[in-house]
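Each chain gets a letter, A, B and so on, in the order its sequence line appears, and its residues count up from 1. What's counted below: heavy atoms across the whole structure, side chains too, no hydrogens, waters or symmetry copies.
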Amino acid sequence: MNSYKYICILAAGVLSLSACKPSIETPVPTRGSADFTRYIAVGNSLTAGYADGGLYLEGQQNSYPSIIAQQMKQLGGTGNFIQPLFSQDQANGSGYLQLTGFDKTTGAPITAPVTTNLAVTGQVTIPGYGAVTTYAKYAGTDINNYGVPGIKLAHITYAPYGNLNGFYERLLPGAEGTHTTTYLDFITAKPFTFFTNWLGNNDALGYATSGGAGDVLTDKATFNALYSALMAKLTASGQKGAVATIPDVTAIPYFNTVTVAAILASVQKANPAVQALFVNAKSDATAAGTTYAARPATANDLIVLTFPTSKIGTLVSTPAGMLPYGLTPYSPIENQYVLDANEVTLTKDYVTSYNNTIKSVAASKGIAVNDMYTFLNNVKAHGLVVDGVNLNAGYISGGIFSLDGVHLTPRGYAIVANEFIKAINAQYGSNIPLADAASYRSVKFP
Amino acid sequence: MRKILLFALALLPALSFAQGFQVNLGGQKQIGMGHTGTGLAQDGASIYFNPGAVAMLPENSVQAGISPLFFKSSFNPAGTNDVYHTANKVATPFSGYAVWGPKSAPWKIGLGVYTPFGGLTDWGRQWQGKYTIESLDLKAIYFQPTLSIKLADFVSIGGGFVYDIGTVDLQRALPLSDASGNDGQAQLKGHGHGFGWNAGVFFKTESHITIGIDYRSKANTTISSGDAIFKVPASLATSFPQPNTFYASIPLPATTSIGFGFYPTKQWTLALDANWVGWHSYKVLAFDYAQNTPTLQDTYSPRNYRDGYSLRAGAQFKPVDRWAIRAGGGYASTAVRDGYVTPEVPDANRYYFTGGLGYSIARKLDVDLSFEYEHLLSRTQTNIETQLSGTFRSNVYIPGVSLTYHW
């Protein structure tokens with residue numbers, strides 16, 4: 001039968017259809033005027049991949065510099081990007097927070113620290129400083145990601161700093177207590193062709209997260225001088241790079257999750273007579289001012305995420321007798337739990353000044369600027385939709401911030417990486433492909 | 001007091017019907033001729049193309065055909081070198097028609113079962129748009145009892161009542177990682193039904209031109225209790241109550257067609273068709289869940305489709321009685337406005353070419369083969385709702401075969 005033959009031909013045709021995928025031409029890779037042969041990342045915890053209140057292997061593997069490097073690799077001609085990873089046996093690094101569930105009645109998240117497979121080797125008391133936790137030394141010799149959790153710009157030329165920060169100490173050869181290499185010298189010891197620099201956050205964040213009580217803001221002029229010195233050294237051989245501005249500390253969930261209104265509402269549920277919370281607040285918005293006084297809390301006072309809300313209402317001893325904590329002017333919420341309105345104003349003023357320095361120094365050197373300050377403020381104000389995922393600056397549900405409310409989730413870091421890539425491509429005419437943020441996770445739920 | 005707000009996890013099951021889902025595979029002879037048929041009285045497929053022409057059919061017939069549909073789409077996310085492809089899956093639109101009437105009577109009755117809308121798109125679970133769609137399997141089967149009456153030698157009318165059964169199975173990832181970093185999954189699965197009608201008129205003019213006009217009404221297809229299956233980490237289970245159901249109503253649009261047939265010689269048939277598809281009825285896609293939680297809210301996604309049109313032309317050549325060779329082609333405009341293109345149907349303006357062969361195996365038995373190639377014009381889009389941004393390119397390959405017994 002003739003038709004039989006045609007059916008055979010048709011069947012053969014049908015089978016071959018499986019192969020007919022429409023082709024899409026992707027752009028020809030170009031590095032533009034930049035050279036990505038050896039890319040180094042300079043920065044603090046955000047650069048190291050710190051997340052959930054700790055530095056651990058998964059966070060390191062999803063650090064934004066490592067994501068940027070993977071994308072750069074698609075252009076060809078780049079070297080390996082090496083990170084000082086914790087070993088598989090010590091994958092949990094410094095330890096970190098895990099979400100273990102939600103409180104049945106309040107819906108509040110419950111977290112617990114991960115305490116197994118740590119890289120912690122001990123604690124050393126450094127005279128005149130205090131206890132420093134040390135970690136298993138990084139065994140490799142090559143490093144591309146120089147992110148050191150906790151480091152401030154103010155530390156980069158301080159020679160003994162390696163003895164004070166266990167995360168830096170583990171990168172340095174030699175024994176704890178004997179280090180004399182400044183961070184600036186350490187990162188520039190080997191030649192490199194491209195850098196990202198996201199230093200400066202801790203110069204404001206350290207003050208803010210301690211409620212303005214445990215740390216100080218780095219002086220504006222000092223910041224300017226150090227940032228100029230840092231950038232001069234990073235660009236000494238004509239290297240190109242990208243810098244990022246410092247986020248507004250009030251844009252992060254660490255300061256926006258436990259609110260005065262929420263605490264008050266919860267107190268009033270049990271005791272409708274309560275009119276206000278009281279905080280111990282700074283009396284003026286100057287760095288020099290040291291006067292604090294109790295006053296009723298307002299929405300402009302930011303309570304830190306780590307505030308133990310169970311303290312509210314417990315009886316504490318005051319000069320006026322035993323009084324409920326947080327509910328009277330004699331028993332205010334302590335300074336370290338509150339970034340009060342004046343402290344907020346002061347911090348914002350410093351961050352603005354730091355960012356002006358960052359932008360003007362970068363402009364003078366023709367370096368790309370990733371404006372994370374503006375980006376995260378936009379996320380806070382409007383949220384962000386990426387590939388069908390609604391993200392925002394909310395704690396846990398927002399998808400961007402990890403369980404510590406300051407550092408990011410892998411998805412958050414992928415978004416940061418893409419912001420860097422966009423800034424780099426715009427500045428140098430390169431076309432580093434963007435990373436697929438959807439393939440990186442947000443907070444893990446049990 | 002450290003209450004978390006999981007409320008922002010908007011679940012927007014982006015289910016959309018589009019021109020991409022109007023498969024138009026009414027019959028093998030008509031596919032071969034570029035989907036023309038409104039102005040012809042070829043065979044039982046007139047029940048679909050123009051019930052008005054059924055009474056003009058010279059014979060009674062029973063026929064059945066199938067058109068396996070290979071929808072191939074590729075997506076290149078903006079600013080990347082990544083390219084994602086849909087999996088090799090085959091949708092199987094089919095059609096079956098029966099037409100009967102006494103030889104001497106001026107009327108005929110018929111029954112058509114056909115699948116004018118349907119689609120099968122599977123992007124997999126690892127692609128960049130997994131939170132918008134992983135896979136969608138959609139079918140709409142129309143049943144149409146039909147009556148057609150020849151009013152005079154030159155004009156006949158016909159109409160049928162349409163009952164449709166729609167089934168849908170949509171899957172997408174939810175951005176809720178479990179302890180091992182795996183995504184949550186949402187599946188919306190159900191079937192519903194709707195009603196409509198199809199009516200047409202058919203003229204034979206003195207100048208040997210045939211003309212047909214047809215109107216297929218909108219069929220509002222309602223899924224009243226589909227299964228809404230959510231797989232999420234255990235700590236979030238209360239936010240996604242199970243079992244749960246959803247209600248959704250989707251208008252399958254009205255189509256108005258006019259067609260012409262020309263018969264320059266005994267061996268040649270030429271046909272022209274124009275269609276207007278009332279996609280404007282598809283303004284919004286709303287999902288109403290039986291059980292809502294602060295996290296799982298009813299959704300309301302704007303679609304704002306515009307009407308689409310298509311222009312088609314085809315020819316049939318019969319060198320000898322037993323054989324027919326067919327060819328055709330056409331152009332269809334997209335119903336999806338810029339900003340609303342979604343990956344389950346990455347719709348775009350499209351053109352297509354078709355070819356076909358007919359052969360009489362025996363005196364009363366015909367076999368017809370058809371093949372169609374559709375090319376969707378490349379479309380670079382950022383979806384307003386999901387911000388999924390990139391370039392889609394799609395091709396469709398549709399072989400087909402049918403058997404007709406006529407007497």
Please name the pair of heavy atoms, one in A:P446 and one in B:P233, separated by the smallest distance, quoted to 0.1 Å. O-CB, 3.3 Å
Please give me the minimum heavy-atom distance between A:T26 and B:T80, naming the atom from each residue. CG2-O, 4.2 Å
Quick one: are B:W127 and A:D436 in side-chain contact, heavy atoms under 4.5 Å? no
Give, as side chain, backbone, both or neither, the part of A:V385 having an atom under 4.5 angstrom from any heavy atom of chain B. both
Heaviest contributor of heavy-atom pairs below 4.5 Å to chain A, chosen from B:V83, B:D178, B:L388, is B:D178
Report the distance from atom CD1 of A:I24 to atom NE2 of B:H85, rounding to the nearest 0.5 Å. 7.5 Å
Between A:N431 and chain B, which part of the residue has a heavy atom less than 4.5 Å away: side chain, backbone, both or neither? neither
Find the distance between CZ (A:R441) and OG (B:S180) and round it off to the nearest 0.5 Å. 10.5 Å
Considering residues, nucleotides and ligands other than A:N271, do more than 12 of their heavy atoms fall under 6.0 Å from its CG? yes
For A:G388, is there any backbone N or O sitting under 3.5 Å from a side-chain donor or acceptor partner on B:T132? no
Where do B:P175 and A:R411 come nearest, in terms of heavy atoms and distance? CB-NH1, 3.7 Å
Between the OG atom in B:S177 and the CG atom in A:L99, the distance rounded to the nearest 0.5 Å is 11.5 Å
To the nearest 0.5 Å, tell me how far A:K104 NZ sits from B:T238 OG1. 8.0 Å
Most chain A-contacting option - heavy-atom pairs closer than 4.5 Å, from B:V232, B:N76, B:N81: B:N81
From OG (A:S23) to NZ (B:K72), nearest 0.5 Å: 13.5 Å
Taking side chain as everything from C-beta outward and backbone as N, CA, C, O, which of these in B:S378 sits under 4.5 Å from a heavy atom of chain A? Side chain, backbone, both or neither. neither
Given 3.5 Å as the limit, does a donor-acceptor pair link the side chain of B:S74 with the main chain of A:P22, or not? yes
Please name the pair of heavy atoms, one in B:L236 and one in A:F102, separated by the smallest distance, quoted to 0.1 Å. CD2-CE1, 3.8 Å
Heavy-atom cut-off 4.5 Å, strictly under: side chain, backbone, both or neither for B:Y84 against chain A? side chain
Separation between NZ of A:K444 and CG of B:L176, rounded to the nearest 0.5 Å: 14.5 Å
Of the backbone (N, CA, C, O) and the side chain (C-beta and beyond), which part of A:I432 lies under 4.5 Å from a heavy atom of chain B, both, or neither? backbone
For B:Q128 and A:A438, work out which heavy atoms get closest and say how close. O-CB, 3.5 Å
Using heavy-atom distances under 4.5 Å, tell me whether B:S394 contacts chain A through its side chain, its backbone, both, or neither. backbone
Closest non-hydrogen atom pair between A:L434 and B:A78, with its separation: CD1-O, 3.9 Å
Please determine, among B:K130, B:H375, B:Q126, the option with the most heavy-atom pairs under 4.5 Å with chain A. B:K130
A:T100 versus chain B, the contacting section by heavy-atom distance below 4.5 Å: neither
Can you confirm whether A:K311 is buried at NZ, in the sense that more than 12 heavy atoms of other residues, nucleotides or ligands lie under 6.0 Å from that atom? yes
Select, from B:A234, B:P77, B:A179, the one with the greatest count of heavy-atom pairs under 4.5 Å involving chain A. B:A179
